[in-house]
Each structure stands twice: as C-alpha cells, then as structure tokens.
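The structure appears below as structure tokens.
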Amino acid sequence: MATPLSDTPLSPLKTIAVVGLGTMGTGIAEVLAKAGREVIGIDISEAQAARSVAALESSTARAVAREKLTEQERADLLARVRTSTDLGAAADADLVIEVAPESYEIKHQIFRELDGIVRPETILATGTNALSVTRLAADSARPERVLGLHFFNPAPAMRLVEVVSSVLTAPQAVAAVTDLAVELGKEPVAVGDRPGFVADGLLFGYLNQAAAMYEAKYASREDIDAAMRLGCGLPMGPLALLDLIGIDTARTVLDAMYSESGDRLHAPAPILKQLSEAGLTGRKSGRGFYTYEAPGSATVVPDALTPGTGGPGTSGRPVRSVGVAGSGTMASGIAEVFAKAGYDVVLAARSEEKAQAAKARIGKSLARSVDKGRLTAEAAAQTLDRITPAGSYDAFADVDLAVEAVAEDLEVKRQLFTTLDKVCKPGAVLATTTSSLPVVACARATSRPQDVIGMHFFNPAPAMKLVEVVRTVLTADDVHATVREVCARIKKHAVDCGDRAGFIVNALLFPYLNNAVKMVQEHYASLDDIDAAMKLGGGYPMGPFELLDVVGLDVSLAIEKVLHREFRDPGLAPAPLLEHLVAAGCLGRKTGRGFREYARR
C-alpha cells in the first residue's frame with residue numbers, strides 16, 4: 001500500500017519537470033533554471049523542444065546584453081535545462097508542472113501516465129486556468145499530491161502565481177510549492193478550485209462584456225480599448241488583450257466558467273465563437289479584433305474597420321466661453337481644465353460663497369502645479385483670471401457651452417437643465433457630466449433636446465485624459481462635432497458612445513468590482529489576495545477593493561443599481577455584502593472604513 005503524502009516528509013523541490021514547452025512552459029523553465037533548479041523540459045514534439053531551447057538561449061542572451069545576467073550565469077542556467085520527448089524523463093522529478101494544451105483529455109492522459117512514472121511523494125501540478133483541478137486530482141492514483149500552479153504570461157516577468165488547492169490536496173504539498181514560488185521571486189496567492197481562479201475569474205468576465213459591447217456596435221474597438229486604458233489606467237484595452245491571450249483560449253475559459261457559475265456574464269459572447277471558428281484567434285493568427293502585420297506580430301495594421309484620419313464631415317459651433325455649473329471637486333476640476341486651455345469660464349453655483357470657494361480650490365490646485373514645475377506662476381495667474389465665479393446661473397446668458405457637474409440625482413439635473421434652457425442663448429451647447437443617468441432625460445427637460453449631449457469627465461478632471469462623449473437619439477450632428485473639437489482643444493481623448501447606463505467605462509468596470517465583492521462574500525479569497533492578484537496578474541494600478549474604497553461604496557452601489565435596472569441581468573445585481581457595508585455607513589476612505597479601515601485625518 002502506498003504511503004500517504006501527509007505521512008511522507010517532502011524533499012526540497014530541486015529537480016522539476018515541465019511538461020509542455022510552448023510559450024508558458026518555456027517561460028516557467030527559464031524561471032526555475034534561473035533560481036538554480038534542475039529542469040527537465042518535456043514535449044511530445046522534438047521540433048517544439050528545440051524551439052523552446054532556442055527561445056531560452058535568445059532570452060538569456062538578451063538578459064546578458066541588458067546586464068541582468070553574466071555570461072557565466074547564462075551558461076550555468078542553460079546547463080540546468082535538458083529536454084526530452086519522453087514523459088519517462090520525469091521519473092526523478094520532485095515536482096512536475098504540466099502546461100499542456102487546455103484540454104481535459106490531454107491533461108488527464110498526462111497525469112495517468114505520470115502516476116506510473118514518478119515517485120510516490122512527487123507533487124503533480126497543473127497549469128490550467130480553466131479546468132477542474134479536483135477532477136484531475138480525483139482521476140489520479142494519489143489525489144493528495146495534485147494541485148494547481150497557475151503562472152501568468154510572460155512567466156519570467158509576471159510576479160503572480162496562484163496556488164490552487166482541491167478538497168483532496170495535502171497541506172504539505174501546498175506549503176512546498178508556495179515556498180518554491182517565494183524562492184522564485186513570485187507572489188503566491190492561495191485559492192480554491194473554481195474556473196478562472198481569482199485573476200482570470202475576474203478578468204475574463206470583464207473581457208467577455210467588452211466583446212459583447214463591441215458586438216452590439218455600441219462603441220468602436222478603438223474607443224472601447226482607449227476608454228479602459230485612459231479611464232482605468234489599464235496597460236491594455238480589453239479587445240487588444242483578448243487578441244494577445246488568444247480568442248479561442250478566452251472562449252475555452254469562459255465556457256468552463258459559465259458551466260460552473262451559470263452566470264450570463266460568463267456565457268461567451270457569440271463573436272468569440274465566430275472569430276474562433278473562422279481561425280481569427282488574435283495575434284497568433286495575425287487577425288482577431290484587430291489585424292496584425294503578421295502572425296505572432298504585435299504591430300497593428302489598418303483594416304476596413306480602422307477609423308479614417310479625416311475629421312467629421314460636420315463642422316462644430318464656435319465656442320469661446322464656457323459655463324460650468326457646480327461647486328464640488330468635479331466642477332472645479334472641469335473649470336480648471338477649460339481655463340488652462342484658454343477659454344473664458346463662468347463658474348456658477350447656488351451661492352456666491354460656494355462659487356468663490358470653488359475658485360479658491362482651483363487656485364490651490366494651480367499652485368500645486370506651479371510647485372511641481374508643471375506650470376509657470378504667470379500661466380497659473382492667467383488661468384485663474386479667466387474664471388469668473390457667480391452665485392446664479394443667470395451668468396450663463398452669453399456662454400457658448402454650458403457643462404453641468406452637480407449632484408448625481410436625475411431630478412436635480414432635470415431642474416438645472418430647465419433653468420439652463422431659460423438662461424442660455426439660442427445655439428449654446430448644453431452638456432451633462434453624468435456617469436450613470438440617462439442623458440436624454442436631461443435633454444427632454446429643455447425645449448432644445450438637439451443641443452444636449454453628455455461629456456463624462458473622469459476624476460480628477462485636470463489629470464484624467466478621457467472624456468466619454470454621449471449622444472442621445474436627439475443630439476444634433478453639429479453639437480457632437482462641437483464637443484469633439486472642444487475635447488481636442490482641452491487635450492482630452494474623446495470616445496463616442498450611446499446613451500445607456502454606465503457608458504463604456506462604468507459598464508465594464510463595475511460588474512468586475514461587483515464580482516470581486518462576491519468572491520469575498522463567498523469566502524473564496526481574501527481582500528488582500530484578490531487585490532494582489534489583479535495588480536500582479538492583470539496589471540491593474542489598484543486592486544478592486546482599494547478602488548472601491550477610493551470611489552466610495554455608496555457611489556459604487558448606486559452605479560451598480562443603475563446597471564442592474566437598465567440591463568435586467570441577474571449577474572449585475574449588487575452583492576449583498578456591498579449593500580450591507582453601505583447600510584452600516586462604511587463608505588470607504590471618506591468615512592474611515594469601507595472594505596478596510598483607514599486612519600482618521
């Protein structure tokens with residue numbers, strides 16, 4: 001009878017076999033060899049094994065050129081790697097890491113063969129990101145030694161490693177690979193066995209929604225990608241990322257997630273199936289959502305969907321003066337942006353005192369820019385001089401563009417637009433900065449709905465480059481052209497979208513945040529592990545709980561309720577944990593407590 005793993009002292013993981021020498025397997029082999037491990041690379045294809053060795057030689061040569069390795073270190077590293085086409089070469093391994101194609105049948109076959117090859121105490125790890133680790137373990141002769149070890153691509157650069165336990169996995173096996181991950185310079189995150197684990201579980205739902213948004217012709221691929229890069233600080237837009245990952249791979253992961261969750265947000269968008277079956281799988285095939293210079297190339301080339309370089313055929317209306325309604329952070333930030341660009345700005349609030357306080361806030365912001373060397377004292381003074389505070393919206397009588405930035409309350413905004421309709425001259429463009437309310441409802445509060453449009457700035461407005469330009473079905477072409485021209489003059493990147501809840505950014509961002517809350521609510525992973533996973537595995541500038549606490553849990557809940565009401569999708573229902581925290585007054589940093597506690601200022 002075999003000795004159970006729990007009774008067997010684990011030997012240090014010195015010799016490690018990597019089964020599957022594609023891009024991921026080769027990257028893992030490099031990481032292991034660099035950390036002093038003996039590596040046995042195994043692939044059924046002799047040609048693939050040779051390509052893997054060549055790739056290792058090339059990447060380590062680049063490391064020497066960048067002075068990250070010496071020639072001797074490179075030689076020692078390469079000497080620690082040997083390859084084989086025979087799975088029997090894994091016989092002496094302390095750990096086997098399988099990174100074969102994402103097919104249960106292939107992985108099952110490899111694990112069954114390994115059962116008859118490796119020592120009883122050898123740990124078997126699968127690199128899957130979509131298939132059931134528990135199922136692979138249950139089919140193994142020694143399920144207690146089977147776990148998941150999910151590296152991220154490119155393995156040498158990405159610090160996150162998800163260590164996946166099933167209900168069958170021995171704690172000693174988890175401890176051994178966790179220690180190994182730390183020795184490799186990685187950040188291990190412990191997770192349970194469910195499709196996508198943490199990082200991909202959150203990431204692929206978001207990517208799927210972006211694909212569905214594009215398929216619905218709600219926004220162009222370029223605008224969707226630019227919106228998420230500039231609005232959320234992401235390194236890549238979702239459609240470009242799908243092309244990089246592989247559209248076929250994404251579809252496989254989503255299929256596995258949907259079969260587990262039954263959540264419509266995980267049901268693969270039909271366009272993913274269409275592109276996959278047409279062989280348009282992304283960069284690796286040379287065409288996916290975008291077209292590339294060649295298969296495997298990262299260089300995007302123009303195609304039939306690429307926007308033309310010429311401007312819109314319609315000319316905009318002249319804009320010399322701008323009215324900004326409101327006295328909060330967003331209103332003062334927008335007023336600063338317009339004044340810096342040379343516009344005369346009327347900053348109007350419900351009282352002269354509030355307007356003066358908003359102008360004073362702008363003065364402090366400009367002073368900070370001077371202190372940091374971003375602005376001269378003379379330019380700051382000129383900018384401030386262009387801003388005229390007013391205690392009544394009557395001061396908007398002569399402005400060419402009026403932008404409201406008052407409370408995110410539809411009735412408040414409708415009342416304001418009724419007032420703007422009365423005080424603004426004929427031909428003035430009226431814009432709302434709403435992030436979640438229907439622009440057309442503001443337009444219908446006026447006698448000139450054709451002049452109303454959405455201009456959704458992001459906070460802080462002086463720093464954030466994105467503006468979502470939201471046309472209603474009633475917006476005139478020259479009004480849209482006017483706002484596009486104004487965005488160019490104030491040096492903002494405008495993206496076009498229709499008048500529906502969340503526009504581009506919030507419609508993609510908040511379901512992702514809501515799903516992160518559900519993970520914690522279900523005790524699947526901790527706040528810290530989820531935040532670390534998304535920063536290290538997804539390249540996000542902030543983890544979801546850091547971001548929720550910054551945005552405000554009450555603001556986040558309000559947006560999620562609007563999205564749920566608009567799209568009627570059960571998967572968009574706000575997580576009860578978020579509702580409970582808001583009801584308890586735990587709203588994030590502004591109250592000193594949200595998902596985390598903060599020191600009171």
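What you are looking at is a predicted structure, and each value in this text was computed from that prediction instead of being measured. We're numbering straight along the sequence, starting at 1.
- Defined by atom type and a distance below 3.5 Å, a donor-acceptor pair is present between the side-chain atoms of Arg221 and Thr306.
- Under the 3.5 Å distance criterion, the side-chain polar atoms of Arg500 are left unmatched by any main-chain donor or acceptor of Gly498.
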Which pairs would a plain distance check flag for residues 201-208, meaning a side-chain donor or acceptor within less than 3.5 Å of a matching protein atom at least two apart in sequence or in another chain?
residue: Asn208; atom: OD1; partner: Ala269; partner atom: N; Å: 2.8
residue: Asn208; atom: ND2; partner: Leu265; partner atom: O; Å: 2.8
residue: Asn208; atom: ND2; partner: Ala267; partner atom: O; Å: 2.9

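- The two residues Arg229 and Pro235 have their closest heavy-atom pair at CD-O, 4.0 Å.
- The shortest side-chain heavy-atom distance between Val182 and Pro188 falls under the 4.5 Å cut-off.
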Tell me, with the steps shown, if Leu572 and Phe510 meet side chain to side chain contact (heavy atoms under 4.5 Å, CB included). CA-CA 9 Å; Leu572 294 174; Phe510 280 89; over 6 Å; no
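- Residue Arg568 places its CZ atom among 12 or fewer non-hydrogen atoms of other residues, nucleotides or ligands, all under 6.0 Å distant.
- A donor-acceptor pair is defined here as one N or O able to donate and one able to accept, closer than 3.5 Å; no such pair exists between the side chain of Lys68 and the backbone of Arg62.
- Rounding to the nearest 0.5 angstrom, the gap separating the CG atom in Asn514 from the CD atom in Glu560 is 4.0 Å.
- Annotation: the span from Leu180 atom CG to Leu184 atom CG amounts to 4.0 Å, rounded to 0.5 Å.
- Proximity of Thr128 to Tyr104: side-chain heavy atoms (C-beta onward) are nowhere separated by under 4.5 Å.
- A donor-acceptor pair under 3.5 Å is absent between the side-chain atoms of Thr169 and the main chain of Glu144, judged by distance alone.
- In terms of modelled atom types and a separation under 3.5 Å, the side chain of Lys186 and the main chain of Met158 share a donor-acceptor contact.
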As a quick check of understanding, evaluate salt bridge (Lys or Arg N to Asp or Glu O under 4.0 Å) for Arg51 and Asp43, giving each step before the final call. CA-CA 11 Å; Arg51 281 193 292 271; Asp43 199 287; over 6 Å; no
Side chain to side chain contact (heavy atoms under 4.5 Å, CB included) between Tyr290 and Glu222, intermediate numbers included: CA-CA 9 Å; Tyr290 295 90; Glu222 288 83 1; 4.0 Å; yes
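- Between Val469 and Cys497, the closest side-chain pair of non-hydrogen atoms is not below 4.5 Å.
- A side-chain donor-acceptor contact under 3.5 Å links Thr26 to the backbone of Leu21.
- Separating the CG atom in Leu136 from the OG atom in Ser166 is a distance of 10.0 Å, to the nearest 0.5 Å.
- With Asp94 contributing its side chain and Lys14 its backbone, the two residues share a donor-acceptor pair below 3.5 Å.
- Rounded to the nearest 0.5 Å, atoms CG (Leu242) and CG (Asp248) are 11.0 Å apart.
- No donor-acceptor distance shorter than 3.5 angstrom exists from the side chain of Arg74 to the backbone of Leu69, with no hydrogens or angles considered.
- Few gaps surround NZ on Lys518; more than 12 heavy atoms of other groups in view lie less than 6.0 Å from it.
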As a quick check of understanding, evaluate side chain to side chain contact (heavy atoms under 4.5 Å, CB included) for Ile28 and Val31, giving each step before the final call. CA-CA 5 Å; Ile28 293 170; Val31 170; 5.6 Å; no
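- In this structure, a donor-acceptor pair under 3.5 Å is absent between the side chains of Thr249 and Thr252.
- No donor-acceptor pair under 3.5 Å is formed between the side chain of Asp200 and the backbone N or O of Asn129.
- Using a 4.5 Å heavy-atom threshold, the side chains of Phe289 and Leu305 count as separate.
- Enclosure of atom CZ in Arg287 is not indicated, since only 12 or fewer non-hydrogen atoms of other residues, nucleotides or ligands lie within 6.0 angstrom.
- In this structure a side-chain-to-backbone donor-acceptor pair under 3.5 Å is missing from Glu162 to Val191.
- Within the 4.5 Å cutoff, the side chain of Leu124 has heavy atoms near those of the Val118 side chain.
- Closest approach of Ser436 to Val562, counting heavy atoms only: O-CG1, 3.3 Å.
- The shortest distance between side-chain heavy atoms of Pro154 and Thr23 does not fall below 4.5 Å.
- For Glu46, the CD atom is loosely surrounded, since the number of other residues' heavy atoms within 6.0 Å does not exceed 12.
- Between Val96 and Thr122, the closest side-chain pair of non-hydrogen atoms falls below 4.5 Å.
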Using side chain to side chain contact (heavy atoms under 4.5 Å, CB included), reason through Asp139 and Phe111 one step at a time and then give a plain yes or no. CA-CA 8 Å; Asp139 289 344; Phe111 274 74; over 6 Å; no
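- Side-chain polar atoms of Thr134 and Asp193 form a donor-acceptor pair below 3.5 angstrom.
- Among all heavy-atom pairs drawn from Ala90 and Leu114, the shortest one is CB-CD2, 4.1 Å.
- A search for side-chain hydrogen bond (donor to acceptor under 3.5 Å, both in side chains) contacts involving Glu187 returns Arg159, not counting sequence neighbours.
- Remark: Glu98 engages Lys107 in a salt bridge, criterion side-chain N to carboxylate O under 4.0 Å.
- Not one N or O on the side chain of Ser52 forms a donor-acceptor pair closer than 3.5 Å with the backbone of Gln48.
- The side-chain heavy atoms of His564 and Pro574, taken from C-beta on, include a pair separated by under 4.5 Å.
- Contacts of Glu113 classified as side-chain contact (heavy atoms from CB on, under 4.5 Å), with partners at least two apart in sequence or in another chain: Leu87, Gln109.
- Applying the 6.0 Å contact sphere to CD1 of Ile117 captures more than 12 heavy atoms from other residues, nucleotides or ligands.
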